[in-house]
Number of protein chains: 2
Amino acid sequence: MRSNAEDLTTRARIRDAAIGLFGRDGFTRATVRAVASAAGVSPGLVIHHFGSKAGLREACDRHVLAQTATQGREKTDPGSTRQLIQDYLNHPDQYANEISYIRQSLGDESAAGDAFFDAVVRQTQDIIQDGIDAGTIRKVDDVRSTAVVIASNSLSILMLGRHLSRTLGAVTPEPHGIGPELLRHLTLPALDIYTHGFYTDSRFLDAARDALRQDTPTKEGSMPRDPGNRRRGVA
Amino acid sequence: MRSNAEDLTTRARIRDAAIGLFGRDGFTRATVRAVASAAGVSPGLVIHHFGSKAGLREACDRHVLAQTATQGREKTDPGSTRQLIQDYLNHPDQYANEISYIRQSLGDESAAGDAFFDAVVRQTQDIIQDGIDAGTIRKVDDVRSTAVVIASNSLSILMLGRHLSRTLGAVTPEPHGIGPELLRHLTLPALDIYTHGFYTDSRFLDAARDALRQDTPTKEGSMPRDPGNRRRGVA
DNA sequence: TCAAAGACTAAACAGCTGTTCAGCCGGGAT
DNA sequence: ATCCCGGCTGAACAGCTGTTTAGTCTTTGA
């Protein structure tokens, strides 16, 4: 999205190379030497600039987080959100490194991953609340829990993109596997469920509600009673 | 689920220890020495039995895959599925290692992860087809794509369990973060969406359908036209 | 102009990694 | 009894890891 040329500060070049390698190989497998080599620099300089590999990772965390935060700023503005998606579909490679990096952060437990997930949930909750107020989204009992479910569903594409593209036979952009073709495959089925639901009646929902009502919420340990036939194989 | 005592073969003890450590720390971070130590054995013996660390991993893949395959065998039988869930809720720790291991396999690209994901999709597709035939699940245009969406949503709990438990304030069983309390939080919101849908009308679905229809599916590269306001921020 | 500071490198260091090797031990077959 | 073979160990090896160090080059500032 920004200047792809090599007019960047050496420090920034190292950071960007690290984001790419961390996203592709993970924080453990990506080595300081590989980052240095990708940035055209000696390993010592990486440490000189960032103190340690952990420091380099923190710098990458801060940078990716700041970048995605400015993008998520225009959350309740539907027009800019659409433009953002369109922008991504036109230039998928531009965001590839950040996407992969966030995927790694969400998997490999880290404070940055926590922060990103919380931001997505918060943002989703705002969108849902606005949608409810505008009448485009059904009124739900618990907005926060619903936001968590929706966010989890959305982020599953990020976490499982490689598998999704593979089983659907879509082209698989490296390394995250998320491309326009994948979104084209998933959009209608997902929106169909979000629009018309998945079950024909409220049988499963009622059963689960009953089961949860009579389920004594013991604060720790196993559940004493059969919770019933909640979530039969799916969900 | 089987004998937890130490009447196992040394080879099996090493394998089980490896499954635990691989699931907790990932395949790279978990070392042969750590596995050996956890199994009460010398590092050389691990190599002696499995040839290499990669061979050990393959053995773990085979074992976890076989174990989950036998469990998924009774897929279309709702009673046994319910019993399986109940069994898990009563003895969550029993499955913790396998769950974590599968999570790692799905994230860290591997043939075992691919096989597991495909099995889940296949199984989900069968369940959906049966549900449609029985009238409990709405008839959908594309059963396979719908199955992929449902499977992706379901597996997101596995991939993001730690985050879900954290933001919901639920107890977080190590290391995967999936416990009864988390399921208790998510069941009703998820089933509510699956039962009543999420949007109030088909506005978003229709818009996406129109956008996809007029979208020339170029087989490679960027999309030439604005795909429209599909999936506004969520989904 | 000179000195201080920072960017940068090449080499080395210590620690950890997977793996190998020589050999010990115990139990079954000959 | 002897042989031997597989389970098993402890030590060692080579390679890679993050990091340090000594030193060079370039820029900057008074």
Side-chain angles (χ1 to χ4, degrees), chain A residues 3 5-64 101 104-105 107-112, chain B residues 3 5-64 101 104-105 107-112:
Chain A
S3 60
E6 288 303 341
D7 52 11
L8 289 170
T9 265
T10 301
R11 194 188 138 96
R13 266 194 7 254
I14 297 174
R15 175 191 13 84
D16 288 353
I19 290 173
L21 287 183
F22 283 162
R24 182 162 64 89
D25 302 332
F27 302 102
T28 308
R29 277 189 291 271
T31 69
V32 172
R33 280 172 174 81
V35 170
S37 166
V41 135
S42 76
L45 189 62
V46 176
I47 302 296
H48 170 73
H49 274 301
F50 298 94
S52 67
K53 189 185 183 183
L56 172 61
R57 176 180 178 169
E58 285 175 29
C60 294
D61 285 346
R62 275 194 302 272
H63 185 255
V64 171
Y101 189 92
Q104 295 283 358
S105 296
D108 182 0
E109 72 187 276
S110 75
Chain B
S3 61
E6 289 302 341
D7 51 12
L8 290 168
T9 267
T10 301
R11 195 187 138 96
R13 264 190 13 249
I14 296 175
R15 179 198 1 93
D16 288 353
I19 290 174
L21 287 183
F22 284 162
R24 181 161 63 89
D25 302 332
F27 301 101
T28 309
R29 278 190 290 272
T31 69
V32 173
R33 280 171 174 80
V35 170
S37 165
V41 137
S42 76
L45 189 62
V46 176
I47 303 297
H48 171 73
H49 274 300
F50 297 94
S52 65
K53 189 186 183 183
L56 171 61
R57 175 177 180 171
E58 285 174 31
C60 293
D61 285 347
R62 275 194 301 273
H63 185 254
V64 171
Y101 190 92
Q104 297 282 358
S105 297
D108 182 359
E109 73 187 275
S110 75

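To find a chain, count down the sequence lines: A is the first, B the second, and so on, and within it residues start at 1. Side-chain atoms are counted along with the backbone in the values below, which use heavy atoms only and exclude waters and symmetry mates.
- The CZ atom of B:Arg29 sits 4.5 Å away from the CG atom of A:Asp108 when rounded to the nearest 0.5 Å.
- When rounded to the nearest whole Å, the span between CG of B:Leu45 and P of C:dT19 equals 14 Å.
- Heavy-atom nearest nucleotides on DNA chain C were determined for A:Arg33 and for A:Gly40, and the one closer to the 5' end corresponds to A:Gly40.
- Counting all heavy atoms, side chain and backbone alike, B:Ser110 lies closest to B:Ser105 at OG-O, 3.5 Å.
- Between B:Asp16 and B:His63, the closest side-chain pair of non-hydrogen atoms falls below 4.5 Å.
- Between atom NZ of residue B:Lys53 and atom CZ of residue B:Arg57 there is a gap of 9.0 Å, rounded to the nearest 0.5 Å.
- Between the CZ atom of B:Phe27 and the P atom of C:dG18 there is a distance of 14 Å, rounded to whole Å.
- Residues A:Ile14 and A:Arg11 have side chains not in contact (no heavy-atom distance under 4.5 Å, counting atoms from C-beta outward).
- DNA chain D lies under 4.0 Å from no heavy atom of any residue of residues 17-24 of chain A.
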Please list every donor-acceptor pair under 3.5 Å in which a side-chain atom of residues 30-46 of chain A meets a protein atom from a residue at least two apart or in another chain.
residue: A:Thr31; atom: OG1; partner: A:Ala34; partner atom: N; Å: 3.0
residue: A:Ser42; atom: OG; partner: A:Leu45; partner atom: N; Å: 3.4

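- Within 4.0 Å of B:Ala34, counting heavy atoms only, lies no atom of the nucleic acid at all.
- One finds the CD atom of B:Glu58 at 10.0 Å from the CG atom of B:Leu56 (value rounded to the nearest 0.5 Å).
- For the segment residues 47-64 of chain A, the set of residues with a heavy atom within less than 4.0 Å of an atom of DNA chain D comprises A:Ile47, A:Ser52, A:Lys53, in numerical order.
- Among the protein residues, A:Thr31 comes within range of the sugar-phosphate backbone only, with heavy atoms under 4.0 Å from sugar or phosphate atoms but none that close to a base.
- Taking the six-membered ring where tryptophan is involved, the planes of A:Phe22 and A:Phe27 are tilted, since the angle between them lies from 30° to 60°.
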